Amino acid sequence: MMKLLMMSLALTSMCSAMPPSATDVFAIDEPGDAGFALRVTFTVPDLAATKEVRIERAATKAELAKDANMPWIVVATVDANAGIEGVLVADLPKDESNDGANANQTEAIAFRVATVGIDGEQAAFVESAAVIAKMNPFIMKRLGLAVSVVVTCASVITWILLARAGRPVKLRRIAALDAVDEAIGRATEMGRSVLFVPGIQDMNDIQTVAGITVLGRVARTAAEYDATLVVPTSRSIVMSSARETVQAAHFAAGRPETYKEGNINYITDEQFGYVAYVTGQMVREKPAACFYMGAFYAESLLLAENGNAIGAIQIAGTAEPSQLPFFVAACDYTLIGEEFFAASAYLSGERDQLGSLKGQDLAKAITAVVIIMGCLLATFAAFAPEGIAARASDSFQSFLGG
Amino acid sequence: MTNTSHSNHSSNATQSSGIRGFLAGLSSLDRRWIFLGVALAVGIPILLKLSLPEVPGPMARATFNAIEKIPSGSRVLLAFDYDPASQGELQPMANALVHHCASRGHNIVFMALWPLGKQLADKTIKDVLKEFHPEYVEGTNYVQLGFKTGNEGVIKLMTTAITEQYPNDASGAALTDIPLMSGVNKLSEFKLIGTISAGYPGAKEWVQYADGASPEAFTLVAGSTGVQVSQLLPYYPKQLEGLLVAVKGAAEYEMLVTEKYPVARHQGRLEEGRRRMGPQLVAHLLVIGLIVLGNVAMIAARGAKGGAR
Amino acid sequence: MLKRTIPILILATSGAILVVAYFSPFTTNWSEVVLMWFNILAAVAYVLGAGNLLAVNLEKVSSRRAGWAYALITLVAFASMLTFGLFKIGGVPSEAHPDVPYAGDYESTQSAFGWVYEYMLSPLTATMFALLAFYVASAAFRAFRAKNLESILLLGTAFIILLAQTAAGMFLTGWIPADSVFAFLRFDSLRIAITEYIQTAGMRAITIGIAIGIAATSLRLILGVDRSYLSKQ
């Protein structure tokens, strides 16, 4: 009899339409975030009888002024278990009540939470205290990245200072850069021009900047050899910058009178319009040396294959990984990724710049050590998912922003 | 007898060196023959309408599931980051993606980081949205924001202030007056962002600047050209939940979409990817043949040099 | 002196702001201002480009240099598109604002601008891109030679990927049951293994190298150690 009574009670409880209301409803300002986010935590007394939980927030003064009939705004409907970790409600509206003084925070916002039963009936709302979400000076989840930025910068700066203090800096030779003189010399002997393509991106792309620095060296050698250098550009700011650089190179070579502004022109921003012009010029003028230094996309193979067909010596440099195979296949020399960025420092021969290359290598070595550590931790964690290695692996990953 | 034998041997040797010489000569084959071969390899299957069945791979399934899993009626941002040059490779997936989003009832916001991307988005709206989903109303169910210059800067600004980057939509209507964009000022207010990308700025920039800023706020999926995919693979499946790779990815995704959401007419618009796989197969076989031929020519040339010594 | 110092100062300040803004929400607005400045400068630079384009081509036409007819076509095309776009010739009036002149859509194919885009620019750029198929085949023929062990591995990988990217992959190895011990020999499995493990690992290494290279180069520029992009005058 007792058993029957218990069973009937259990059944009644399961079929009961309304679940018990949520308890311990709190709103907390999320620490170390970009601001305007609050975390809502709550407890659901009967998980079995609760299908989901409905969360609403109080409308701000500005929102109430727009629509006074909407004092509460639905922000989320979540699983009953979600209350333990809490639900992050982001992008809350700024406090506009005090013209900028409170611009970095929200008004005090209250939340209310209601449990919804299996058959959809909703229990009474339970309200939290009103809390202000403040903007934080630092986004904590980016700490790992910040540390890596600091480490990279520190290694580069340290090596610049060491090089300045006289510490010898030895670098391996980069064949593609050593071939620059040979290529321009050949063009001079053949009485043909030298073509330099600084990519198709603007000066805000670091690859274009790197390309322009290589142009400086190419232009100086061309000026010394009295070879004609042609630079078609696909951005007007790049044209302007290339003109400055080539003119400076002619001054440095002691031949300012040979500088011809008209050889450095803007063609078009349109990718394939630019390629059509450059390849057309290649076929007509048949330059003996072609340099492709900058950001390249689909045009890389079109340019390099045409250069190959006219028998030019071709030297390319780019940090676009997807275009590297094309340049490697069709050009005589290719600066691959980081080599391209090292080119400017390598060609300058200045101690500061050479030191920065060593710093770059140090940063790379540190990165390799971090990767190996991560791999080892993840491997150990795979063998013992509950062990210390797993916890260390998780912490390591979350520190690095994963 | 000996003479005859010698003569036969000599004739065989001449014949063999003739074949070897011919093969060695292939090393310097005029590239126009190769161009002719490619034209035929692509042109004939197009004319014969050669279409082959595709088995959807995990990346196409992941993209399909990403759009399926967000609640119906969600706000979705689709960035058309390509131009007519890569239309052949990317338009099939753009068509399928828009049809899929609309079939699920999502509200779509179109934009472009490439100047000519806006026109391609317009074309997709006309060919797919208005054709298969005439119930979609501009301003309520979809919005065309158009192109904005500034590359990744546009994405960065949109993470915090969409209305500063786009005060109006492409037709000039203030964003604040558009029901679909009412109160929307951050990328995190979208449930899903899809980018169809042919290079820079594109999927990589969306990962770095949009997903990097608020990784948990929305799902990011991308469609990309085959050549660009090597740069995106490191981001799949963590940052990029779905990734459609070139025509094959489009063909697989089309199969999944049309299987669940078939259309009554103009099915061809949602079969473009599959139609392009026929020419791709023959072209790939030609490339393999050319590589083999190039190597045979190289070996023959080596042999010829050895013989000459 | 000022010609070099002021650009370096602008670069250093903007660079530092953009880096700090990523970590501190308080400076986000500053970074937005920096980015807006760049957008404005980039837009103004179009005038510089257009001016140069006109100057170069007008000079070519007036001096009747070789290829002057092409320069003339460029000038005509430039002037036409500028006129079509600025005056919205043939533009469709806006439904929302029929009374506001120039509020209409100038990009539909009914307008001159849209027509040129749809029926001239679009096919021309697609044609240029399609040339890649021809060049890829010719480059593959010339460059893919089995000269040593590494190039043989590269060739084998290329064959697998080329076949697996089409229905040929399924046709050749699709008969191997997906749940058998030999399933890894299926072209689709091999393709996934090659792209997701080997290629991605290599690409990550290159990408990390590039990222550190970019960081070091940016730092050289921000600190003013590398000034090679500036005039030496």
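Every chain is numbered from 1, with letters handed out A, B, ... down the list of sequences. All of these numbers come straight from a predicted model, not from anything done at the bench.
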Q: Check whether any side-chain heavy atom of C:Arg204 sits under 4.5 Å from a side-chain heavy atom of A:Ile371, and report yes or no.
A: no
Q: Kindly compute the distance separating CD1 (C:Ile206) from CG (A:Leu324), expressed to the nearest 0.5 Å.
A: 6.0 Å
**Q.** Rounded distance [0.5 Å steps], OG in A:Ser300 versus CG in C:Leu132
**A.** 7.5 Å
Q.
With no hydrogens and no angle check, just 3.5 Å: does a side-chain donor-acceptor pair link A:Glu305 and C:Ser138?
A. yes
Q.
Under a 4.5 Å cutoff for heavy-atom pairs, which residue among A:Pro321, A:Ala368, A:Gly337 has the most contacts with chain C?
A. A:Pro321
Q: Measure C:Leu219 against the heavy atoms of chain A and call it side chain, backbone, both or neither at under 4.5 Å.
A: side chain
Q | Residues from residues 58-66 of chain C approaching chain A under 4.5 Å (heavy atoms) | A | none
Q: Pick whichever of A:Ala304, A:Cys153, A:Ala210, A:Ala330 has the most heavy-atom pairs under 4.5 Å with chain C.
A: A:Cys153
Q: Among C:Ala205, C:Ala143, C:Gly209, C:Gly51, single out the residue with the greatest number of heavy-atom pairs under 4.5 Å to chain A.
A: C:Gly209
Q. Contact part of A:Asn306 toward chain C, heavy-atom cut-off under 4.5 Å: side chain, backbone, both or neither?
A. side chain
(Q) At a heavy-atom distance under 4.5 Å, which candidate from A:Ala146, A:Ser241, A:Ala329, A:Gly216 has the highest pair count against chain C? (A) A:Ala146
Q) Between C:Ser24 and A:Ile139, does a side chain to side chain contact (heavy atoms under 4.5 Å, CB included) hold up when you go through it step by step? A) CA-CA 6 Å; C:Ser24 176; A:Ile139 301 173; over 6 Å; no
Q.
Can you confirm whether A:Phe272 sits close enough to C:Leu124 that some side-chain heavy atom of one is under 4.5 Å from a side-chain heavy atom of the other?
A. no
Q | Gap separating the CD atom of A:Gln271 from the OG1 atom of C:Thr125, nearest 0.5 angstrom | A | 9.0 Å
Q: Could you pull out the closest heavy-atom pair between A:Lys364 and C:Ile212, with the gap in Å?
A: CA-CD1, 3.7 Å
Q. Do you know which two heavy atoms are closest between A:Gln360 and C:Ala216, and how far apart they sit?
A. OE1-CB, 3.4 Å
Q: Could you tell me which portion of C:Val225 (side chain, backbone, both or neither) has an atom closer than 4.5 angstrom to a non-hydrogen atom of chain A?
A: both
Q: Please answer whether the main-chain N or O of C:Ala45 pairs with a side-chain N or O of A:Ser236 as donor and acceptor at a distance below 3.5 Å.
A: yes
**Q.** Flag side-chain contact, heavy atom, 4.5 Å: A:Leu302 against C:Phe129
**A.** no
Q.
Tell me whether C:Asn52 contacts the main-chain N or O of A:Asn265 through its side chain, where contact means a donor paired with an acceptor under 3.5 Å.
A. no
Q. Which one of C:Val47, C:Ile214, C:Val20, C:Leu53 has the most heavy-atom pairs closer than 4.5 Å to chain A?
A. C:Ile214
Q. Once you round to the nearest 0.5 Å, how far does CZ of A:Phe340 lie from CD1 of C:Ile210?
A. 10.5 Å
Q: Check for a donor-acceptor pair, side chain of C:Arg220 on one end and backbone N or O of A:Ser356 on the other, with a separation under 3.5 Å.
A: no
Q | A:Asp33 versus chain C, the contacting section by heavy-atom distance below 4.5 Å | A | backbone
Q) Relative to chain A, which segment of C:Tyr46 carries a heavy atom at a distance below 4.5 Å: side chain, backbone, both, or neither? A) both
**Q.** Nearest-0.5 Å distance that lies between atom CZ in C:Phe26 and atom CE in A:Met135
**A.** 6.0 Å
(Q) So C:Phe23 and A:Val149, do their side chains get closer than 4.5 Å, heavy atoms only? (A) yes
(Q) Counting only non-hydrogen atoms closer than 4.5 Å, does A:Ser148 touch chain C with its backbone (N, CA, C, O), its side chain (CB onward), both, or neither? (A) neither
Q: Decide side chain to side chain contact (heavy atoms under 4.5 Å, CB included) for A:Tyr266 and C:Val56; before the verdict, give the C-alpha distance in whole Å, the side-chain angles of both, and the deciding distance to 0.1 Å.
A: CA-CA 9 Å; A:Tyr266 165 77; C:Val56 169; over 6 Å; no
Q) In terms of heavy-atom pairs under 4.5 Å, which option from A:Ala363, A:Gly359, A:Ala298 contacts chain C the most? A) A:Ala298
Q | Spacing of CD belonging to A:Glu299 relative to CG belonging to C:Leu131, to within rounding of 0.5 Å | A | 13.0 Å
Q | Among A:Ile157, A:Asp352, A:Val156, the one residue meeting side chain to side chain contact (heavy atoms under 4.5 Å, CB included) with C:Leu223 | A | A:Ile157
(Q) Does any part of the side chain of C:Ile208, heavy atoms only, come nearer than 4.5 Å to the side chain of A:Thr367, both counted from C-beta? (A) yes
Q. Which region of C:Phe38, side chain (C-beta onward) or backbone (N, CA, C, O), has a non-hydrogen atom less than 4.5 Å from a non-hydrogen atom of chain A, or is it both or neither?
A. side chain
**Q.** Portion of A:Glu339 that has a non-hydrogen atom of chain C nearer than 4.5 angstrom
**A.** neither
**Q.** Residue part contacting chain A, namely of C:Val136, when any heavy atom lies under 4.5 Å
**A.** both
**Q.** Beyond-backbone contact of C:Asp226 with A:Glu350, side-chain heavy atoms, under 4.5 angstrom
**A.** no
Q) Can you find a pair of side-chain heavy atoms, one from C:Ser218 and one from A:Ile206, that are under 4.5 Å apart? A) yes
Q. Checking heavy atoms, do the side chain of C:Ala215, its backbone, both or neither come under 4.5 Å from chain A?
A. side chain
(Q) So for A:Ile160, is it side chain, backbone, both, or neither that comes closer than 4.5 Å to the heavy atoms of chain C? (A) side chain
Q. With only heavy atoms counted, which part of A:Arg243 is less than 4.5 Å from chain C, the side chain, the backbone, both or neither?
A. side chain
Q) Does OH in C:Tyr70 sit with more than 12 non-hydrogen atoms of other residues, nucleotides or ligands closer than 6.0 Å? A) no
Q | Partner chain C: residue of A:Val275, A:Val246, A:Asn204 with the largest heavy-atom pair count (under 4.5 Å) | A | A:Asn204
